[in-house]
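What follows is one structure encoded as structure tokens, with my remarks underneath.
Values reported hereafter were calculated over all heavy atoms of this structure, with side chains retained and with hydrogens, waters and symmetry mates removed. Given the structure is predicted, the values throughout are model-derived calculations rather than measurements. First the proteins, then the strands, lettered A, B, ... as listed; each starts at 1.
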Amino acid sequence: MENYDTLSIPEATLLQNKLRERVDTSERELSIQWIGGADVSLNLYSTTIYAGIIVLSFPALQPVGWSLVRAETRFPYVPGYLAFREVPALVEAWRRLTLKPDVLVVDGHGIAHPRRLGIAAHFGVETGQPSVGCAKKLLTGNYHEPGLLVGDHSPIMAGVEQIGYAFRSKSKTAPVFVSPGHLVGMENSLQIIRQCIGKYRIPEPTRLAHELVNRFRRGELPEGVG
DNA sequence: GCGACAG
DNA sequence: ATCTTGTCGC
């Protein structure tokens with residue numbers, strides 16, 4: 001994996017177009033024993049990022065391990081290029097994990113991206129690991145509001161192409177946006193997230209990863225694995 | 001040119 | 001993304 005810090009936006013766009021050719025979103029039978037959640041936390045106006053991955057048993061969703069990494073980024077946040085900011089630290093956190101999950105849920109989009117290479121798909125291709133994207137806001141595409149009950153969903157469309165699902169993870173609450181990352185199909189991604197629902201809007205892997213990295217950033221947890 | 005815009 | 005208490009609605 002090359003260094004992203006000095007890439008210009010046009011260069012980053014070229015790399016995305018090249019990496020997207022390697023994305024595989026064919027449906028498959030997934031036997032999941034461990035599922036991971038990945039997220040990043042940072043202080044406003046700071047280039048220090050606190051990345052973390054939490055591993056949960058599946059389908060019980062009980063924490064069994066984690067990895068925390070502090071890193072510096074020069075790449076700014078630009079919508080559509082989030083991966084260039086967060087993926088390097090997440091890959092390092094992944095590398096240090098002793099128990100690798102069978103699939104990783106990343107905070108952000110999978111192929112529901114202008115060039116079909118959101119952070120979850122980007123991470124998946126760079127590591128060769130199955131991944132799913134679950135975002136709190138839409139980046140690109142259109143959808144009709146799904147029903148108001150847990151489990152209700154509707155496709156996110158980019159023209160005639162389906163790029164994800166608007167999924168009601170909690171009744172009468174704003175939906176989350178699910179899309180395949182790498183080595184996971186469209187239906188697979190929805191089934192995976194559906195099985196990660198707890199008491200809150202945000203699916204457990206992502207929610208617990210967010211909680212983890214925030215404690216790390218505040219100094220309540222040390223860098224390392226556990 | 002205008003609006004939209006993950007974290 | 002982060003800073004934050006109360007408050008409204010189911």
Side-chain angles (χ1 to χ4, degrees), chain A residues 4-5 9 12-13 16 19-20 23 37-54 68-91 93 104-126 131-143 147-150 152 156-159 163-182 189 193 199-203 205-220:
Chain A
Y4 298 155
D5 295 345
I9 293 298
T13 304
Q16 289 181 325
L19 292 178
R20 78 170 165 189
V23 176
D39 195 16
V40 159
S41 179
L42 42 80
N43 288 310
L44 209 50
Y45 310 129
S46 170
T47 56
T48 301
I49 65 176
Y50 300 82
I53 292 177
I54 189 159
L68 293 168
V69 169
R70 180 191 294 101
E72 292 296 313
T73 319
R74 250 67 87 186
F75 209 95
Y77 168 66
V78 180
Y81 301 85
L82 176 64
F84 295 95
R85 214 171 137 70
E86 303 189 349
V87 159
L90 287 176
V91 167
L104 184 68
V105 180
V106 182
D107 188 26
H109 294 284
I111 63 168
H113 175 278
R115 290 165 294 287
R116 310 293 176 265
L117 198 83
I119 186 169
H122 192 132
F123 178 93
V125 167
E126 290 280 31
S131 59
V132 175
C134 183
K136 297 177 287 299
K137 296 175 184 174
L138 193 66
L139 171 61
T140 192
N142 302 286
Y143 70 99
L148 295 176
L149 303 181
V150 202
D152 288 342
I156 300 172
M157 304 298 293
I163 57 177
Y165 278 111
F167 175 68
R168 197 76 69 184
S169 48
K170 181 175 182 185
S171 294
K172 301 167 193 173
T173 299
V176 292
F177 303 93
V178 180
S179 60
H182 185 45
S189 67
I193 296 301
K199 292 180 163 185
Y200 309 88
R201 176 193 177 219
I202 306 304
T206 314
R207 190 181 71 80
L208 294 174
H210 192 261
E211 203 171 83
L212 182 76
V213 294
N214 272 329
R215 286 197 288 166
F216 176 35
R217 177 176 55 81
R218 295 178 201 132
E220 299 169 18

Inset, instruction - Examine C:dT2: is either OP1 or OP2 under 4.0 Å from a nitrogen or oxygen in the side chain of A:N214? Give yes or no. - result: yes

Inset, instruction - Output, in order, the C-alpha distance, side-chain angles, deciding distance and verdict of side-chain contact (heavy atoms from CB on, under 4.5 Å) for A:L149 and A:R168. - result: CA-CA 7 Å; A:L149 303 181; A:R168 197 76 69 184; over 6 Å; no

Inset, instruction - Could you tell me whether A:R218 contacts a base, only the sugar-phosphate backbone, or nothing, with contacts defined as non-hydrogen atoms closer than 4.0 Å? - result: nothing

Legend entry - Gap between atoms NE2 and C1', on A:H210 and C:dA1 respectively (whole Å): 8 Å

Inset, instruction - Determine the contact category for A:Y50: base if any of its heavy atoms lies under 4.0 Å from a base atom, sugar-phosphate if only primed atoms, P, OP1 or OP2 are that close, otherwise nothing. - result: nothing

Inset, instruction - Tell me which nucleotide among B:dA6, C:dC10, C:dT2 gets nearest to the side chain of A:S41. - result: C:dT2

Legend entry - Sugar-phosphate only, base, or nothing, as touched by A:D107 at under 4.0 Å among non-hydrogen atoms: sugar-phosphate

Legend entry - For atom CG of A:L139 and atom C1' of B:dG7, their distance in whole Å: 10 Å

Legend entry - Protein-nucleotide distance (A:R207, atom CZ; C:dA1, atom P), rounded to Å: 15 Å

Inset, instruction - Describe the nucleic acid contact of A:G133 in one word from base, sugar-phosphate, nothing, applying a heavy-atom distance below 4.0 Å. - result: nothing

Inset, instruction - Return the nearest nucleotide to the side chain of A:K172; candidates are B:dA6, C:dA1, C:dC10. - result: C:dC10

Inset, instruction - Apply side chain to side chain donor-acceptor pair (under 3.5 Å) to the pair A:Y200 and A:T173, showing each step before the final yes or no. - result: CA-CA 10 Å; A:Y200 309 88; A:T173 299; over 6 Å; no

Inset, instruction - For A:I163 and B:dC5, give me the distance from atom CD1 to atom P, rounded to whole Å. - result: 13 Å

Legend entry - Gap between atoms CZ and P, on A:R85 and C:dT2 respectively (whole Å): 11 Å

Legend entry - Given B:dG7, C:dC10, B:dA6, the nucleotide with the shortest approach to the side chain of A:I119: B:dA6

Inset, instruction - Determine, answering yes or no, if A:Y77 is stacked on C:dA1 under the 5.5 Å centre rule and the 30° plane rule. - result: no

Inset, instruction - Take atom CG of A:N43 as the centre, draw a 6.0 Å sphere, and report whether it contains more than 12 heavy atoms from other residues, nucleotides or ligands. - result: yes

Legend entry - For atom CZ of A:R215 and atom C1' of C:dT2, their distance in whole Å: 18 Å

Inset, instruction - Evaluate the ring planes of A:H122 and A:F84, with Trp represented by its six-membered ring, and classify them as parallel (under 30°), tilted (30 to 60°) or perpendicular (over 60°). - result: perpendicular

Inset, instruction - Could you check whether A:L42 gets within reach of a base, just the sugar-phosphate, or nothing at all, counting any heavy atom under 4.0 Å? - result: sugar-phosphate

Legend entry - Distance, rounded to the nearest Å, where A:L149 contributes CG and C:dC10 contributes P: 15 Å

Legend entry - Side-chain N,O (A:K136) to OP1/OP2 (C:dA1) below 4.0 Å: yes

Legend entry - Length of the CZ-P vector between A:F75 and B:dG7, whole Å: 17 Å

Legend entry - Result of checking A:V40, A:V132, A:I119 against A:V106 for side-chain contact (heavy atoms from CB on, under 4.5 Å): A:I119

